[in-house]
Amino acid sequence: MASTRTEPDRLSLARLPTPIERFDRIRDGWTVLVKRDDLTGSALSGNKARKLEYLLAEALARGARRVLTCGAVQSNHCRATAVAAARLGLGCLLFLRTREPPGADDAATGNLKLDRIVGAEVRFITPAQYGDRLALMTDAAGSDGYVIPEGGSNALGTWGYIRAVDEMAAQWDTPPSSIVCATGSGGTLAGLAIGLRRRGLDVPLHGVAVCDDAAYFQAVVERISAEATERWPDLPRVHADEVSVVEGYKGRGYGLGTPEEAADIESVARASGLILDPVYTGKAFRALLCEPERFGPRPLFIHTGGIFGLLA
Ligand SMILES: Cc1ncc(COP(=O)(O)O)c(C=O)c1O
């Protein structure tokens with residue numbers, strides 16, 4: 001039965017609150033505030049740590065002994081889930097999407113290396129099989145498995161970013177001119193949108209698409225918001241046409257880099273020490289660099305993590 005309590009239960013997995021830092025040496029005369037959610041932890045870091053606090057609380061409450069989830073072969077979400085599962089004494093089964101599964105003798109790198117180190121069971125699936133990911137996971141879950149959707153992006157996981165808005169509102173004296181994040185499976189954007197509305201904060205929010213397009217992410221946020229109000233009726237409802245999704249920065253597509261993106265990651269790192277990742281934050285931050293006027297004088301960028309993708 002749906003719970004009508006105002007907030008779901010949560011484990012403590014992330015190092016919170018993460019700081020908001022000011023960077024003013026990236027470009028002359030330009031300042032950006034950065035919410036350092038890349039610092040939610042070490043191996044268990046990035047935006048997924050916030051979502052997993054809620055998802056794994058539910059898994060434990062339901063008596064699960066294993067968690068199952070899915071993503072790209074270098075998925076940050078899968079790595080964070082695998083590390084969190086190890087920490088909680090749960091088994092972990094990952095369905096990883098790839099056209100070319102690594103051979104038994106190939107050394108794993110980046111996130112996949114960490115998946116292996118913490119003992120997650122890995123099943124490689126093709127992009128075509130990935131279309132049936134929910135059925136694959138449900139079939140494999142058995143009686144003691146808890147299935148987490150791609151990116152941890154459902155109504156429960158989105159609480160991680162509903163709560164992050166409360167955290168940020170307690171940190172800033174004046175709200176920023178806008179909030180900008182990468183959007184890949186939509187849960188972070190949905191949580192921020194719901195969280196801002198819930199607190200009556202009128203700060204423009206922009207999700208920068210790193211795959212798919214604006215219509216896709218607007219529909220995802222609408223769906224997650226509908227599911228969330230169904231389960232927690234006190235939450236405000238966010239509709240598709242209220243969501244700003246910035247297009248034009250996915251480059252060659254999900255997980256594929258360009259020389260321009262690599263150059264921006266390097267120049268930001270050299271000017272400021274801020275390390276962006278190639279799949280999400282590197283692409284999203286380019287929107288700020290290329291169109292600074294769009295986001296106002298004090299934009300706040302949510303650094304959602306992903307550093308291990310640089311090492312893949
Ligand atoms: C580092 C990083 N940033 C951003 C995102 C996007 O967040 P979401 O999936 O909630 O849209 C992800 C995951 O997809 C991620 O791993």
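Just so you know, ligand 1 is whichever comes first in the structure, and atom 1 is the first atom listed for that ligand. Computed from a predicted model, the values in this text were never measured in an experiment.
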Proximal ligand 1 atoms for [X], defined as those under 4.0 Å from one of its heavy atoms:
| X | value |
| --- | --- |
| Asn76 | 1 (C), 15 (C), 16 (O) |
| Gly187 | 10 (O), 11 (O) |
| Lys48 | 7 (O), 8 (P), 9 (O), 10 (O), 12 (C), 13 (C), 14 (O), 16 (O) |
| Lys51 | 8 (P), 9 (O), 10 (O) |
| Gly306 | 1 (C) |
| Thr188 | 7 (O), 8 (P), 10 (O) |
| Gly305 | 1 (C) |
| Thr183 | 11 (O) |

Side chains of [X] and [Y]: do they bring a donor and an acceptor to under 3.5 Å?
| X | Y | result |
| --- | --- | --- |
| Arg79 | Asn76 | yes |
| Tyr54 | Asn154 | no |
| Thr40 | Lys48 | no |

| request: Decide yes or no for Leu88 and Leu11: does some side-chain heavy atom of the first lie under 4.5 Å from some side-chain heavy atom of the second? | output: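 The answer is yes; the side chains approach within 4.5 Å.
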| task | Taking the side chain as every heavy atom from C-beta outward, state whether Val32 and Val180 have any atom pair closer than 4.5 Å. | result |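 They are not in contact (no side-chain heavy atoms under 4.5 Å apart), so the answer is no.
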| message | When you compare ligand 1 with His77, is there at least one nitrogen or oxygen pair between them that comes in under 3.5 angstrom? | response |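 In this structure, His77 places no N or O atom under 3.5 Å from an N or O of ligand 1.
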Would you call [X] a ligand 1 contact, heavy-atom distance under 4.0 Å?
| X | value |
| --- | --- |
| Glu150 | no |
| Leu189 | no |
| Gly151 | no |

| task | For atom 11 (O) of ligand 1, state which one of Ala284, Cys211, Gly184 supplies the nearest heavy atom. | result |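 Nearest heavy atom to atom 11 (O) of ligand 1 lies in Gly184.
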| Cluster question for you: counting only ILVMFWY and a side-chain heavy-atom cut-off of under 4.5 Å, with indirect links fine, are Leu39 and Ile302 together? |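 Unlinked, Leu39 and Ile302 end up in two clusters.
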| task | Starting from atom 3 (N) of ligand 1, locate the nearest protein heavy atom and write down its residue, its atom name and how far away it is, to 0.1 Å. | result |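 Scanning the protein heavy atoms, the shortest distance from atom 3 (N) of ligand 1 goes to Thr304 OG1, 2.6 Å.
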| task | Distance to 0.1 Å, residue and atom name: give those for the protein heavy atom nearest to atom 9 (O) of ligand 1. | result |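 Minimum-distance protein heavy atom for atom 9 (O) of ligand 1 reads Ser185 OG, 2.5 Å.
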| Under-4.0 Å heavy-atom contact with ligand 1, by part of Asn47 that carries it |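 Under 4.0 Å from ligand 1, Asn47 contributes side-chain atoms alone.
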| Taking atom CG of Asp241 as the centre, does the number of heavy atoms from other residues, nucleotides or ligands within less than 6.0 Å exceed 12? |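 Atom CG in Asp241 is crowded, with more than 12 foreign heavy atoms closer than 6.0 Å.
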| Heavy-atom neighbours of Arg237 CZ exceed 12 at 6.0 Å |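 Counting neighbours around CZ of Arg237, more than 12 heavy atoms of other residues, nucleotides or ligands fall under 6.0 Å, so yes.
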| Approximate separation, where rounding is to 0.5 Å, of Phe217 CZ and Ile224 CD1 |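 Output value for this atom pair is 10.0 Å.
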| message | Using the ring pair (Phe, Tyr, Trp, His ring centres under 6.0 Å) definition, which of the options Tyr280, Phe301, Phe295 pairs with Phe285? | response |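 Single pass found, and it is Phe301.
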